[in-house]
Structure formats: C-alpha cells, structure tokens
Amino acid sequence: MTIRVMSSGKGYEYLLKSVVVGDGDREMSSPLTRYYTESGCPPGTWVGTGLMSLDDGRTPALVEGDTVTEEHLARLLGEGIHPVTGEKLGKRFPALQPPRERIAARFARLDPGLRGEAREETVQRIREEELAKTPRTAVAGFDLTFSPPKSLSAIWGVADAGTQALIAQAHHAAMRDTIGLLEDRVAATRVGAGGIAQMPIMGVIATAFDHYDSRAADPQLHTHVVVSNKVQGEDGRWRSLDSRRLHKATVALSASYNAFLTDHTARLLGVEWVPVDRGKDRNTGWEIEGVPAALIAEFSRRTTGGSDGAEGIEQVKNRLIEQYVAEHGRQPSAATVAILRQQATLETRPEKELHSLADLTADWRERAELVLGEDAPTWAQHLLDRDAAEARLRADDLGLEQIDDLASVVLMEVANRRATWGRWNLHAETMRQIMGVRFATTSDRTRVLDQIVAYAEAESLRLTPEYDRALPAHYLDGEGNRFQPVDRVAYSSQDILDAEQRLLHHSQDETGPSLTARLVARHTSRKIRGVRLDPDQAAAITRIARSGLTLDLLVGPAGSGNTTCWV
C-alpha cells in the first residue's frame, strides 16, 4: 500500500478518467468483472464507517457499496462539502483568487497620488509578485493504493472468470481489513491549541476505485482508496484527519495488507506464498509459489522495460545513478537512490490507455502462453488445484515462548535499522516476521501481532517520560491518553545507548595520531582521481588529521563531497 496526498480543486479528476461509460453486460456477481466488455474500469464505490456521519436524516444515506458519482467527488474532494446535499462540513477548502483578480484588487488600493515612474515600478512589482505565487490548495484527501504482488496479478490476468472473481474477493477482503485497522488504530483528529490532543472520530469517509492494469498495460490488479480529509469528531464537529499519524502508520498498514492478503488467498484459492530476496537494503518480498520468474518479468514492463526498447523504471534509475556517479565522483546514498527512482518513475510514466478487461485478458493470455508453453487459463487452474499444505493457526496455537522469540527477532531487526523506534516500526516488522504463517482469521493474526508488539515494547528502553498529569476519564485511551497516544512513545535499547557513550568517549580521547601540517598540505593539494579538493574539504581533512582525537565527526550536506574527502 502506498500513500499520495490529494489536493482540493480538480485533483480528484484522475479517478474518473478510467471509469467506463455505460453499463457492463457480463453476468458476474463481482463489480470488478461486471464491466468485462466495456473500455475502462468499474465506477468507484463508497467505503468507510464514517459514511454514517453524513446521514442527516433528510436525504437518502450513503452506504458502503453505493456508486460514487462525479458530482459527489466534486463536492467532497473538490470543495470539502457534503457530497449529496452540498452543505458545509466544517470549514470550506481555501481558494486563491485568479492572478488577474488579485492584481486588479491591489491596483485599486494604490495611492491615487502615486504617479509616473514610481507608479509604473509598483505596478510591475505587483504583477510579478502575484504571477509568482503558487496556487493555494488544501489537502482534500489521501490516495491509499492497494496493489497485490505481481505473481497474484499475473494469475488474475490469465485465469478464468470464476478465479478472477475469487482473487478480487481476496484482494478486497485484505483491503477492508487494512481500512478497518486504520479506522480502529490510526484515524483521529486533533483539538486544542496547536492540535495538542487527539480526538476519536466517527470513522473515515472514502471512495474505492478498482483498476485492472498498469500504465504499460500489464496485469496489475489494484485499488485506489481515497480517504477524505474531512472527519467528524466524537463531539460532532467537522475537522481534518490527523495526517501526521496516518503518514507514520503507512508502512505498518502496507505490511498488514500484505499479510492479510496471504491469509485470504490461502483460504479462498489454496495458494502458498514463498519469500523472495529483493536485494540489498530492501525487505524480503513474497510471491505465490509456482509462478515462474519469467512470467513475472514479462508482466513487469513498467519496471523492467518492454521488448520494443522502451526503458523501464529500473533501467532509467540505473542510468540516473551512473550520471550521479560521473558528476559527484561517488555512489549515491540509499536516500538519494530512492529519489532517483522516483524521478525514473515520472520519466517513464506513459499516458494510460483505456481497454476492456476482455481485450486485456486476451492479450495477457497470449503473452503468458509464449512464456509458459501451455494454455494460460489451464496453467492457472492447475496451479490453484494443488492441495495447500500450510496449516492455518489460531492465536492460541502460539505459546508465550514463541511469542517471546519472535519479539526478540523483531527488536533485533528494528534496532539494526534505527537508533529509536515506536509502535508503528514494531508493528510493521512484526507483520513481516509472521508473513510465513497462515492464520485462520484476521482476528487471529492481529491478536498475535499485538502480543509480539507488547513483548517488544516491554523489552525496549522507553525514552519518552510517562505522562504524569491528572486527566479526565474520557481522555484516557486504553494504554495511553489523548495527550500522549501509545504511538508517540519513543523507544531505544541499552546497547544503542552504550554504543553512543563509547563514541562520545572516543570523541574526547586525544591519544590518537596527529600528522604534521606540511604532510597534510602536500596530500590535500593534489588531485584525487582527477578531482581537486575544494578549500572547505581540504580544511576539514587538515583539522581532522591534526586533531589527535581517536574519533572525529565530519558533518556536511548531501552532495558536498564528504565521501570524496576520504577516497
């Protein structure tokens, strides 16, 4: 699951570009496949328990599964008002006047006595200032995009209609489980000066749009769930969703969706999931056993590039990395690589063409048969006919010793990546660690999740002081309170604090070697691999080489050549 902020105004319109026009004619129970012969994807539907907060008793209430109309989106996401009645939901989204109107208004306020060259200069300055302003838009919502692993989309793309419906059912069930987790543990609003306290809400208001394919026309079953920024607090007032909390929980929610999906597909389809190494600095992936890597590659043209020579995301990313190394003389950091990959994604993003699911399926089956060497729907059926050997556990099947062992592994993995952590970090890593286990129900998985996280928190070193002020009973919230929710508590470990103390000790130890100024100057004045050090780089090396400390710290902004200093 990924997240993208949606702005007010016309930011919602991309959701409508892929929706079919007209009614589908396929006799299927699933809305996802009902529009089989129509160009485009099914219309969006309403989701979220917050829909009840829109019921004013005077107009027909919106319920989960109702169709979303363009008028609904224009009101809720465009203007921040009631999608049916148009009534206010708290404050309207702010809007900036067009430049022409703003310029005219400022001209009207000019001193009539201002004339000649002074007036002309002022008029020109006003024009430049207003034209340079970025249009002000509010956050209308958050696009949570749920995408299953490519192996599942590959099977869905070539399977018969019944199997397609079951896969979509599993995907939607995992998505609903994740939204339920979001509503239960993440979604809130903030009240008080500076939003000092959290307040529970009635639930989120969201729209869900199913899509069939990627922009490269490969099978990619995915759903855009747009969560409205408008929420109703338990006091009845309309406010904004606490976006900071949502962003912090995104990775944990994504890991939860992945785990829920493995359970639902195992129950409905009998498939088995296996871990896949995705390379250095990336979490282990999971794919369905029996789906050839060659088929996954064939259906990943957006990432790997097409047979027509078009570059994919990875190819462009590698090219950008090569350009970075040539320009800076060093390899980019992991954070820089992530930025370069985002750039590559944008550079390779084609306009999405609309096709019917019937046409797409025919093309996918033809391409798959060239890779598989057999009839694609038959291959998919045989793959799903295998007996699933994985046992489905209940929460009580795991003993305290197993929970403790898993918590230790979770803590070790989290501590290897960060110096401090919180509940969402432990939640995400726990979901990754139990991905290989199939549970009987979603409730069983979340119960085990909570047990492991509780053990991991108990074994961590709490850095955030306990909240020791008296509070009204209704401000208490389970383990925490509205001023200090449990997901705002920071943890670390004694090992990490001890390591920091050792580093501090070394930074004050003056028993290290110290080089002569002449020797340092001779080396810093030379070219290093054809590059001469800048004065500030040479000064940094000189200071460190002559300090006599056993540990020195060099701090510099990204791209300033910190690595080059030591090549």
Side-chain angles (χ1 to χ4, degrees), residues 5-16 19 31 42-95 136-144 172 175-192 195 197-210 223-246 472 474-475 477 482:
V5 176
M6 177 183 289
S7 298
S8 59
K10 296 186 177 181
Y12 65 90
E13 289 185 341
Y14 77 94
L15 294 169
L16 301 171
V19 173
T45 57
W46 290 100
V47 295
T49 59
L51 290 171
M52 68 178 71
S53 60
L54 296 173
D55 187 1
D56 59 4
R58 293 173 294 169
T59 57
L62 292 173
V63 297
E64 288 208 16
D66 282 355
T67 298
V68 179
T69 68
E70 183 173 359
E71 186 179 22
H72 288 157
L73 293 180
R75 286 174 172 169
L76 181 63
L77 301 178
E79 302 179 60
I81 57 179
H82 195 292
V84 177
T85 66
E87 294 181 355
K88 289 176 61 176
L89 301 178
K91 295 181 179 179
R92 278 179 175 264
F93 292 148
R136 183 177 58 177
T137 56
V139 173
F142 306 89
D143 181 352
L144 309 181
H172 288 148
M175 182 186 74
R176 286 193 298 271
D177 288 342
T178 308
I179 295 173
L181 201 64
L182 183 154
E183 291 192 305
D184 185 46
R185 306 187 180 195
V186 181
T189 188
R190 304 196 69 82
V191 296
Q198 284 190 345
M199 174 180 283
I201 62 174
M202 300 297 291
V204 300
I205 302 168
T207 60
F209 287 80
D210 287 321
T223 303
H224 293 271
V225 176
V226 180
V227 177
S228 171
N229 197 29
K230 291 287 186 179
V231 292
Q232 188 180 45
E234 65 175 11
D235 62 353
R237 294 183 60 184
W238 287 91
R239 298 183 180 86
S240 296
L241 187 67
D242 183 0
S243 60
R244 290 176 295 180
R245 196 178 196 191
L246 177 59
H474 68 279
Y475 264 58
D477 183 20
R482 296 190 185 181

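Note that the numbering runs from 1 along the sequence shown for the chain. When reading the values below, keep in mind they use all heavy atoms of this one structure, side chains included, and skip hydrogens, waters and symmetry mates.
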Worksheet item: Going through the distances and angles, do Arg245 and Arg190 end up as a side chain to side chain contact (heavy atoms under 4.5 Å, CB included)?
Response: CA-CA 10 Å; Arg245 196 178 196 191; Arg190 304 196 69 82; over 6 Å; no
Practice prompt. Quick one: do Leu241 and Leu246 satisfy side chain to side chain contact (heavy atoms under 4.5 Å, CB included)? Show the steps, please.
Written response: CA-CA 8 Å; Leu241 187 67; Leu246 177 59; 4.1 Å; yes
Practice prompt. Check step by step if side chain to side chain contact (heavy atoms under 4.5 Å, CB included) holds for Thr49 and Met202.
Written response: CA-CA 7 Å; Thr49 59; Met202 300 297 291; over 6 Å; no
Worksheet entry | Verdict with reasoning, His224 to Leu15, per side chain to side chain contact (heavy atoms under 4.5 Å, CB included) | CA-CA 8 Å; His224 293 271; Leu15 294 169; 4.1 Å; yes
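Annotation: side chain of Leu62 is in contact with side chain of Leu54 (closest heavy-atom distance under 4.5 Å). His82 places none of its side-chain heavy atoms less than 4.5 Å from the side chain of Trp238. By the 4.5 Å heavy-atom criterion applied to side chains, Thr223 and Phe209 are not counted as neighbours. Residues Val63 and Leu51 fail the side-chain proximity criterion, which asks for heavy atoms closer than 4.5 Å. The shortest distance between side-chain heavy atoms of Asp56 and Thr85 falls below 4.5 Å. Contact check for Ile179 versus Leu144: no side-chain heavy atoms found under the 4.5 Å cut-off. Within the 4.5 Å cutoff, the side chain of Thr207 has no heavy atoms near those of the Thr45 side chain. Considering only heavy atoms from C-beta on, Ile201 stays 4.5 Å or farther from Glu183 through its side chain.
To the nearest 0.5 Å, atom OG1 of residue Thr69 and atom CG of residue Leu73 are 7.0 Å apart. Between Met199 atom CE and Asp235 atom CG the span is 4.0 Å, to the nearest 0.5 Å.
Between the side chains of His172 and Asp210, at least one donor N or O lies within less than 3.5 Å of an accepting N or O.
Among the candidates Arg75, Glu79, Lys230, the single residue satisfying the side chain to side chain contact (heavy atoms under 4.5 Å, CB included) test with Leu89 is Lys230.
Between Glu234 and Arg239, no side-chain nitrogen of the basic residue sits less than 4.0 Å from a carboxylate oxygen of the acidic one, so the salt-bridge criterion is not met.
Taking Ser240 as the reference, nothing meets the side-chain hydrogen bond (donor to acceptor under 3.5 Å, both in side chains) condition, with sequence neighbours excluded. With sequence neighbours left out, the side-chain hydrogen bond (donor to acceptor under 3.5 Å, both in side chains) criterion links Gln232 to no other residue. For Ser228, there are no side-chain hydrogen bond (donor to acceptor under 3.5 Å, both in side chains) partners two or more places apart in sequence or in a different chain.
Nearest heavy atoms, Leu77 versus Ala140: O-CB, 3.1 Å. Annotation for Val225 and Ala206: closest pair CG1-CB, 3.9 Å, computed over non-hydrogen atoms. Across every non-hydrogen atom of Ala187 and Val204, the tightest pair is CB-CG1, 3.7 Å. Taking every heavy atom of both residues into account, Tyr12 and Ala74 meet most closely at OH-CB, 3.3 Å. The two residues Trp46 and Thr67 make their nearest non-hydrogen contact at NE1-O, 3.7 Å. When all heavy atoms of Gly203 and Val231 are compared, the closest pair comes out as O-CG1, 4.3 Å.
In this structure a side-chain-to-backbone donor-acceptor pair under 3.5 Å is present from Asn229 to Val139. Under the 3.5 Å distance criterion, the side-chain polar atoms of Glu64 are matched with a main-chain donor or acceptor of Gly48.
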